[in-house]
Trainee: 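My questions all concern the structure below.
Note that this is a predicted model, so its numbers are computed, not measured.
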Amino acid sequence: SELTTLEAIDLYNGKSLADAIARGGQNLAERSWDHPDAMVRYIYQFALSREPHGPELAAVHEYLSDAPTAIEVADVLWALMMTPEFLVVR
């Protein structure tokens, strides 16, 4: 089977991409947020240049713990980066 564009990006940039996402997850997890939705909204605005839709916001909140860890936040970043919408916007 052929590689998708997303798979090719991951294979080509593997470690450096993973390191950057891990640092981003750490930085975002360590920041203070006024509201639980604030971090998720910030990530969506930065990654996709839009607010998260209701079901997206709910899905991310269902995944994140009350005090999101760097790993949880990095997982959200990975998930968004692997969407076709991210490739079109960024």
Side-chain angles (χ1 to χ4, degrees):
S1 75
E2 293 182 30
L3 286 177
T4 66
T5 303
L6 296 172
E7 290 168 331
I9 289 170
D10 183 40
L11 286 174
Y12 183 74
N13 297 304
K15 179 155 176 40
S16 60
L17 181 59
D19 290 346
I21 291 173
R23 281 191 310 274
Q26 185 70 43
N27 291 339
L28 291 168
E30 289 175 353
R31 286 180 59 176
S32 293
W33 300 96
D34 294 336
H35 188 273
D37 291 350
M39 180 179 63
V40 178
R41 291 181 189 284
Y42 174 85
I43 291 170
Y44 268 79
Q45 280 290 342
F46 187 81
L48 303 178
S49 300
R50 67 169 176 82
E51 290 286 319
H53 301 300
E56 294 168 329
L57 190 60
V60 173
H61 279 300
E62 186 176 323
Y63 174 73
L64 295 175
S65 59
D66 290 337
T69 66
I71 292 172
E72 291 172 346
V73 177
D75 287 347
V76 172
L77 296 175
W78 268 115
L80 286 177
M81 286 184 63
M82 293 297 120
T83 64
E85 184 178 2
F86 179 81
L87 289 178
V88 172
V89 172
R90 288 296 186 189

Trainee: May I ask you to test the H61-L57 pair for a side-chain heavy-atom distance under 4.5 Å?
Mentor: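 With C-beta onward as the side chain, the pair touches.
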Trainee: Please list, chain by chain and in numerical order, all residues satisfying salt bridge (Lys or Arg N to Asp or Glu O under 4.0 Å) with R41, sequence neighbours excluded.
Mentor: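 With neighbours one apart ignored, the set is D37, E51.
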Trainee: Shortest non-hydrogen contact from A47 to F86?
Mentor: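 Result for this residue pair: O-CD1, 3.5 Å.
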Trainee: Atom CD1 of I21 and atom CD of Q26: how far apart are they, to the nearest 0.5 Å?
Mentor: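 The CD1 atom of I21 sits 14.5 Å away from the CD atom of Q26.
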Trainee: Atom CZ of F46 and atom CG of L80: how far apart are they, to the nearest 0.5 Å?
Mentor: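 Going from the CZ atom of F46 to the CG atom of L80 covers 12.0 Å.
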Trainee: To the nearest 0.5 Å, how far apart are CG in L17 and CH2 in W78?
Mentor: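 CH2 of W78 is found 4.0 Å from CG of L17.
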Trainee: Kindly state each residue pair satisfying salt bridge (charged side-chain N to carboxylate O under 4.0 Å, His left out) with at least one member in residues 20-36, sequence neighbours excluded.
Mentor: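 Non-adjacent pairs meeting salt bridge (charged side-chain N to carboxylate O under 4.0 Å, His left out): zero.
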Trainee: Taking side chain as C-beta onward, heavy atoms only, is L64 less than 4.5 Å from M39?
Mentor: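 They are in side-chain contact.
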Trainee: Give the minimum heavy-atom separation between A74 and A22, together with the two atoms involved.
Mentor: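 It is CB-CA, 4.4 Å.
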Trainee: Going hydrophobic residue to hydrophobic residue with side-chain gaps under 4.5 angstrom, can you get from L28 over to Y63?
Mentor: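 Both belong to a single hydrophobic cluster.
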Trainee: Would you say that I43 contacts V73 through its side chain, given a criterion of any heavy-atom pair below 4.5 Å between the two side chains?
Mentor: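 Yes, close enough: below the 4.5 Å cut-off.
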Trainee: Membership question, hydrophobic clusters at under 4.5 Å side-chain separation (ILVMFWY): are V40 and I71 in the same one?
Mentor: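 Unlinked, I71 and V40 end up in two clusters.
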